[in-house]
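In what follows, a single structure is set out as structure tokens and then discussed.
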Protein chains: 2
Amino acid sequence: MYSSELIKGTLKTIILKLLSDSDEMYGYELTQRVKELTGGKIQLTEGALYPTLHALEAQGVLSTNVVNVGNRIRKYYSITPTGKQLANDKVNEYADFIQTMTFLLGLKPNLG
Amino acid sequence: MYSSELIKGTLKTIILKLLSDSDEMYGYELTQRVKELTGGKIQLTEGALYPTLHALEAQGVLSTNVVNVGNRIRKYYSITPTGKQLANDKVNEYADFIQTMTFLLGLKPNLG
DNA sequence: ATATATACCTAAGAAAATTATGTATATAAA
DNA sequence: TTTATATACATAATTTTCTTAGGTATATAT
């Protein structure tokens, strides 16, 4: 796990990117996918995730579909066209930012 | 300029790295150096910078040396041995984080 | 005179996260 | 069988971190 400080400000970008590459995902699924993809190094907390999902929906970049699974509910989120554009912008901006930080911190460019 | 959201959580790492590579620097100098090195893409704000410098000093990772320049004061910060260690840890953690985010967001590894 | 640059600082408020808590079902383990 | 863990949603209080705005003061360029 990274220090929480370091992960700040990346949540929206991560959510939008994953939903951009998937038809639909629900909140809990997002936490598990991120945990899996990062080998446990990034773990989304529910207290941060759910309010952010609600905000993104209110903003019109995500839409929802509530489904009953057994007796529990599951809220699927999918990305809207506006959201797809935003996801692209955010990912591109982050890519640029990473290059800037790589230079600023004197890190070796990643040569695979 | 990047969206402020994106820069969150990187301030301490940036300060520690620059002071780690320099004998001493003062606050205003740090803002100018970062602006110059990033082509204006990252600009430290004084409201964030000064409280953070004070906190790092209180924490024992920075020490200060106040100098009179003409009639104005200038407060030079230099990094302590503890601070040098912390700078290393933070930069290494950030390097790792960048790799994780590069993978998670599906970015091309930087091939120069 | 006025604006910009240098150089420090703090305080109110906003933004974003953590921590803690709540509800509820399902399943595996002791 | 009851206890812990996993699934699955949610909110509220608090903390952290930053922005915005303001304050003090000198030097220099317009």
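The salt bridge (Lys or Arg N to Asp or Glu O under 4.0 Å) search around B:K12 returns A:E5, not counting sequence neighbours.
Residue B:H54 places none of its side-chain N or O atoms closer than 4.0 Å to OP1 or OP2 of C:dC8. The side chain of A:Y50 contributes an N or O atom lying less than 4.0 Å from OP1 or OP2 of D:dC9. Between D:dT19 and B:K8, no contact under 4.0 Å exists linking OP1 or OP2 to a side-chain N or O. Phosphate proximity of C:dC8 to B:Y26: absent, as no side-chain N or O sits under 4.0 Å from OP1 or OP2.
In the set D:dT19, C:dT19, D:dG22, D:dG22 carries the atom at the smallest distance from any side-chain atom of B:E46. Closest contact between the side chain of A:R74 and the listed nucleotides C:dA7, D:dC9, C:dA16 involves D:dC9. You'll find that the side chain of B:T45 is closest to D:dT19, out of D:dT17, D:dA8, D:dT19. Listed nucleotides: C:dA17, C:dA7, D:dC9. Nearest to the side chain of B:R72: C:dA7. In this structure, the nucleotide among C:dA17, C:dA7, D:dT26 sitting nearest to the side chain of B:N71 is D:dT26. Of the candidate nucleotides D:dT17, C:dT18, D:dA10, C:dT18 has the atom nearest to the side chain of A:S4. Closest to the side chain of A:E5, from the set D:dA8, D:dT17, C:dC8, is D:dT17.
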Steps toward side chain to side chain contact (heavy atoms under 4.5 Å, CB included) verdict (A:I15, A:L11): CA-CA 6 Å; A:I15 292 172; A:L11 182 55; 3.9 Å; yes
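Taking the side chain as every heavy atom from C-beta outward, A:Y76 and A:M25 never approach each other to under 4.5 Å.
Among the atoms of the strands shown, none is found under 4.0 Å from any heavy atom of B:G70. A:E29 comes within 4.0 angstrom of nothing in the nucleic acid, heavy atoms only. Nucleic acid contact for A:I7: none, since no nucleic acid atom lies under 4.0 Å from a heavy atom of the residue.
At a threshold of 4.5 Å between side-chain heavy atoms, the hydrophobic network of Ile, Leu, Val, Met, Phe, Trp and Tyr places B:I73 and B:V67 in two separate groups.
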